[in-house]
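Inspection log for the structure reproduced underneath, given as structure tokens.
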Amino acid sequence: MIHQIDTSDNVAAFRALAEVTKEDFQNVVVPAVEKLVNQINEINFLLVLDTDIENFTAGAWLEDAMLGLKNLGKWNRAAIVTDSENIITFTNGFSYLIPGEFKGFKKLDFNKALNWVEGNI
């Protein structure tokens, strides 16, 4: 499941827990990101992974990919907060593939990640 995290108005932030499904993306993530794009014409995104990446269903991955492709030119900053070094490394390399800045952060650096996504550092 995915829950939205309250942040500043220029960020769509989420926490992933347990199993993450296609419906989680359709009902929580997609509407929040679309609202953000309509308001500020860019995406500042934060995702805290409090679950293993293996708990994302195939449908969730497909929805995530579709969201990314649909808004390809809108990505500004995206932070993934996790304690997985592999996910942090993957996230850090994403900036070379698509427009926008992507950074991975350790869970203990949540506030730093949020400040970065909000544009405060």
Side-chain angles (χ1 to χ4, degrees):
M1 79 182 43
I2 293 181
H3 297 282
Q4 192 162 6
I5 300 170
D6 288 331
T7 62
S8 63
D9 290 341
N10 72 327
V11 174
F14 309 92
R15 181 176 309 277
L17 303 159
E19 183 181 61
V20 178
T21 66
K22 173 183 176 179
E23 290 77 21
D24 291 323
F25 270 85
Q26 290 173 334
N27 297 328
V28 179
V29 177
V30 171
V33 169
E34 287 178 352
K35 179 180 176 186
L36 188 64
V37 169
N38 289 333
Q39 287 177 337
I40 66 171
N41 201 35
E42 68 181 14
I43 301 169
N44 297 305
F45 183 90
L46 181 133
L47 176 62
V48 178
L49 291 175
D50 278 336
T51 188
D52 291 331
I53 205 76
E54 294 84 17
N55 288 331
F56 280 68
T57 67
W61 284 115
L62 181 59
E63 285 297 314
D64 183 42
M66 295 302 294
L67 179 66
L69 290 173
K70 180 180 175 187
N71 296 290
L72 191 60
K74 303 290 184 187
W75 290 93
N76 183 43
R77 288 186 171 182
I80 306 299
V81 180
T82 179
D83 283 335
S84 167
E85 288 295 335
N86 290 337
I87 294 171
I88 289 171
T89 300
F90 178 80
T91 301
N92 290 342
F94 221 65
S95 291
Y96 298 107
L97 302 175
I98 64 172
E101 294 179 81
F102 293 79
K103 270 184 144 174
F105 292 86
K106 290 281 194 175
K107 286 182 183 177
L108 83 104
D109 292 326
F110 171 81
N111 288 332
K112 184 177 178 182
L114 181 58
N115 285 326
W116 179 78
V117 169
E118 290 175 335
N120 296 326
I121 54 173

Item to check | Straight-line distance of Lys107 NZ to Asp83 CG, nearest 0.5 Å | outcome: 5.0 Å
Item to check | Exceeds 12 heavy-atom contacts within 6.0 angstrom, atom CG of Asn120 | outcome: yes
Next on the checklist: Side chains of Val81 and Lys106, heavy atoms from C-beta outward: is any pair under 4.5 Å?
Outcome noted: no
Checklist outcome for this item: Those residues at least two apart in sequence (or on a different chain) that pass side-chain hydrogen bond (donor to acceptor under 3.5 Å, both in side chains) with Lys22 are none
Checklist entry - Between atom OG of Ser84 and atom CD1 of Ile53, what is the distance when rounded to the nearest 0.5 Å? => result 7.5 Å
Next on the checklist: Please report the interatomic distance CG(Asn115) to CZ(Phe110), rounded to the nearest 0.5 Å.
Outcome noted: 9.5 Å
Next on the checklist: Keeping Thr51 on the side-chain end and Leu17 on the backbone end, is there a donor-acceptor pair under 3.5 Å?
Outcome noted: no
Item to check | Test item: Leu47 and Ile80 side chains (from C-beta on) under 4.5 Å apart, heavy atoms | outcome: yes
Item to check | Donor-acceptor pair between Ser8 and Asn10 side chains, under 3.5 angstrom | outcome: yes
Checklist entry - Cut-off 3.5 Å, side chains only: do Asp24 and Thr21 have a donor facing an acceptor? => result yes
Item to check | Reported CD-to-CD1 distance for the pair Gln26 and Ile2, which is rounded to 0.5 angstrom | outcome: 11.5 Å
Checklist entry - How long is the span from the CZ atom in Phe102 to the CZ atom in Arg77, to the nearest 0.5 Å? => result 12.0 Å
Next on the checklist: Quick check: is Ile98 connected to Ile88 through a chain of hydrophobic side chains (ILVMFWY, heavy atoms under 4.5 Å apart)?
Outcome noted: no
Next on the checklist: Looking at Arg15 and Asp50, would you say the former's side chain and the latter's main chain have a donor-acceptor pair under 3.5 Å?
Outcome noted: no
Item to check | Asn44 (side chain) donor-acceptor with Glu118 (main chain) under 3.5 angstrom | outcome: no
Item to check | Nearest atoms (heavy-atom pairs only) where Lys112 meets Phe105 | outcome: CG-CE2, 4.1 Å
Checklist entry - Applying the 4.5 Å side-chain criterion to the ILVMFWY set and letting contacts propagate, would Met1 and Ile5 be lumped into a single cluster? => result no
Item to check | Gap between atom CG of Asn86 and atom OG1 of Thr91 - 0.5 Å precision | outcome: 10.5 Å
Checklist entry - So, for Ala79 and Val117, which heavy atoms are closest and what is the spacing to 0.1 Å? => result CB-CG2, 3.4 Å
Item to check | 4.5 Å side-chain heavy-atom contact, Phe45 and Leu36 | outcome: no
Item to check | Matching residue for Phe25 among Val28, Asn27, Val29 - test: side-chain contact (heavy atoms from CB on, under 4.5 Å) | outcome: Val29
Item to check | side chain to side chain contact (heavy atoms under 4.5 Å, CB included) evaluation trace for Leu114 with Thr7 | outcome: CA-CA 8 Å; Leu114 181 58; Thr7 62; 3.6 Å; yes
Checklist outcome for this item: When every non-hydrogen atom of Ala32 is compared with those of Phe14, the smallest separation belongs to CB-CZ, 3.7 Å
